Amino acid sequence: MAKYLLLKHYRGAPAAVNDVPMDQWTPEEISAHVQYMNDFAARLEKSGEFVDGQALAPEGAWVRYDGEGRPPVTDGPFAETKDLIAGWMVIDVDSYERAVELAGELSAAPGAGGKPIHEWLEVRPFLGAAPRDAECLFHG
């Protein structure tokens with residue numbers, strides 16, 4: 001089994017076929033979209049392929065260590081995350097091909113008019129057995 005991150009983007013990916021922003025959807029269209037996502041996750045839970053998933057709020061902050069005391073916090077810029085990433089799902093599947101297949105199904109979530117969005121999803125494998133040098137980047 002291998003873990004993959006499926007990233008949903010607000011923007012930054014190629015345009016979806018049904019490219020109507022969610023803030024222009026009716027409450028019923030939003031409910032149908034959320035239900036599709038929940039049903040998809042429930043199906044993957046049953047097959048043992050679902051690990052976790054979340055939608056992200058538009059709020060956020062940059063934080064860093066800056067010596068003793070309170071770390072500095074700023075509200076941007078977020079060109080690589082806050083403005084782009086809408087949510088994510090982690091799956092644990094047998095192959096890259098299965099990850100692509102599931103991303104394709106997730107891309108069919110309904111949007112405006114109840115029609116599939118056909119949005120582009122980013123499929124990223126988790127870093128496997130990291131070389132020691134790469135491990136140092138994450139653990140100091």
Side-chain angles (χ1 to χ4, degrees):
M1 300 292 277
K3 290 183 181 163
Y4 289 86
L5 177 65
L6 307 180
L7 286 173
K8 293 176 67 68
H9 292 266
Y10 285 119
R11 61 180 180 270
V17 173
N18 186 0
D19 196 23
V20 177
M22 190 179 245
D23 63 358
Q24 296 176 23
W25 296 1
T26 67
E28 294 79 17
E29 291 166 343
I30 292 170
S31 292
H33 180 82
V34 170
Q35 187 63 53
Y36 182 96
M37 302 292 288
N38 290 339
D39 291 347
F40 182 83
R43 184 168 52 86
L44 294 188
E45 283 177 351
K46 287 181 183 173
S47 69
E49 296 173 306
F50 180 82
V51 175
D52 196 10
Q54 296 292 322
L56 299 175
E59 298 83 26
W62 284 103
V63 177
R64 73 170 189 209
Y65 176 77
D66 200 26
E68 295 300 319
R70 183 173 174 225
V73 176
T74 183
D75 184 36
F78 284 98
E80 295 181 10
T81 57
K82 181 180 173 185
D83 292 337
L84 301 178
I85 310 265
W88 51 270
M89 182 177 287
V90 177
I91 56 174
D92 195 357
V93 294
D94 289 329
S95 66
Y96 172 76
E97 291 75 21
R98 178 66 175 155
V100 168
E101 176 185 346
L102 292 175
E105 288 182 40
L106 191 56
S107 168
K115 296 181 180 171
I117 299 171
H118 297 280
E119 68 183 323
W120 288 92
L121 297 173
E122 186 176 349
V123 178
R124 301 274 307 270
F126 277 38
L127 187 62
R132 186 160 173 72
D133 290 341
E135 191 173 301
C136 291
L137 292 173
F138 299 108
H139 301 291

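Computed from a predicted structure; not experimentally measured.
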Colleague: Carefully, step by step, assess E29 and V20 under the rule side chain to side chain contact (heavy atoms under 4.5 Å, CB included).
Modeller: CA-CA 11 Å; E29 291 166 343; V20 177; over 6 Å; no
Colleague: Side-chain contact test, heavy atoms from C-beta onward, threshold under 4.5 Å: evaluate it for H118 versus N18 and give yes or no.
Modeller: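 SC-SC contact between H118 and N18 ruled out.
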Colleague: Would you say I91 and K3 make side-chain contact, with heavy atoms under 4.5 Å?
Modeller: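 They are not in contact (no side-chain heavy atoms under 4.5 Å apart), so the answer is no.
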Colleague: Measure the spacing between CG of L102 and CD of E97 and express it to the nearest 0.5 Å.
Modeller: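 Between atom CG of L102 and atom CD of E97 there are 12.0 Å.
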Colleague: Name the orientation class of the two ring planes belonging to Y96 and Y4 (parallel below 30°, tilted from 30 to 60°, perpendicular beyond 60°).
Modeller: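 Tilted: the ring planes of Y96 and Y4 meet at 30° to 60°.
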Colleague: Distance from L56 atom CG to Q54 atom CD, nearest 0.5 Å?
Modeller: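 Here the interatomic distance stands at 8.0 Å.
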Colleague: Within a reach of under 6.0 Å around CH2 of W120, are more than 12 heavy atoms found that belong to other residues, nucleotides or ligands?
Modeller: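 No, because the 6.0 Å sphere around CH2 of W120 holds 12 heavy atoms or fewer from other groups.
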Colleague: Can M37 and L106 be said to form a side chain to side chain contact (heavy atoms under 4.5 Å, CB included), step by step?
Modeller: CA-CA 7 Å; M37 302 292 288; L106 191 56; 3.5 Å; yes
Colleague: Of the non-hydrogen atoms in P116 and A108, which two are nearest, and what is the gap between them?
Modeller: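 Looking at all heavy atoms of both residues, the shortest contact is CB-O, 3.4 Å.
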Colleague: Are any of the side-chain heavy atoms of F40 and F50 separated by less than 4.5 Å?
Modeller: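 No, too far: nothing below the 4.5 Å cut-off.
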Colleague: Spell out, yes or no, whether V93 and F126 are grouped together once hydrophobic residues are joined by side-chain heavy atoms under 4.5 Å, including indirect joins.
Modeller: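 No, it is not one cluster - the side chains of V93 and F126 are not joined through contacts under 4.5 Å.
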Colleague: Ignoring hydrogens and geometry, is there a side-chain-to-backbone donor-acceptor pair from D94 to M1 under 3.5 Å?
Modeller: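 Not at all, since once roles are kept as given, no pair shorter than 3.5 Å links the two residues.
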Colleague: For the residue pair V123 and A99, what are the closest heavy atoms and their distance?
Modeller: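 Looking at all heavy atoms of both residues, the closest pair is CG1-CB, 4.2 Å.
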Colleague: With side chain to side chain contact (heavy atoms under 4.5 Å, CB included) as the criterion, how do L44 and M89 come out once you've worked through the C-alpha distance, each side chain's angles and the decisive distance to 0.1 Å?
Modeller: CA-CA 11 Å; L44 294 188; M89 182 177 287; 4.3 Å; yes
Colleague: Closest approach of L6 and A103, non-hydrogen atoms and distance?
Modeller: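 Taking L6 first and A103 second, the nearest heavy atoms are CD2-CB, 4.1 Å.
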Colleague: What are the two closest heavy atoms between P110 and A32, and how far apart are they?
Modeller: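 Closest heavy-atom pair between P110 and A32: CG-O, 3.7 Å.
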Colleague: For R124, look at atom CZ and say whether over 12 heavy atoms of other residues, nucleotides or ligands are found less than 6.0 Å away.
Modeller: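 No, not enclosed.
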Colleague: CD1 of I117 to OH of Y36: how many Å apart, nearest 0.5 Å?
Modeller: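 These two atoms lie 9.5 Å from each other.
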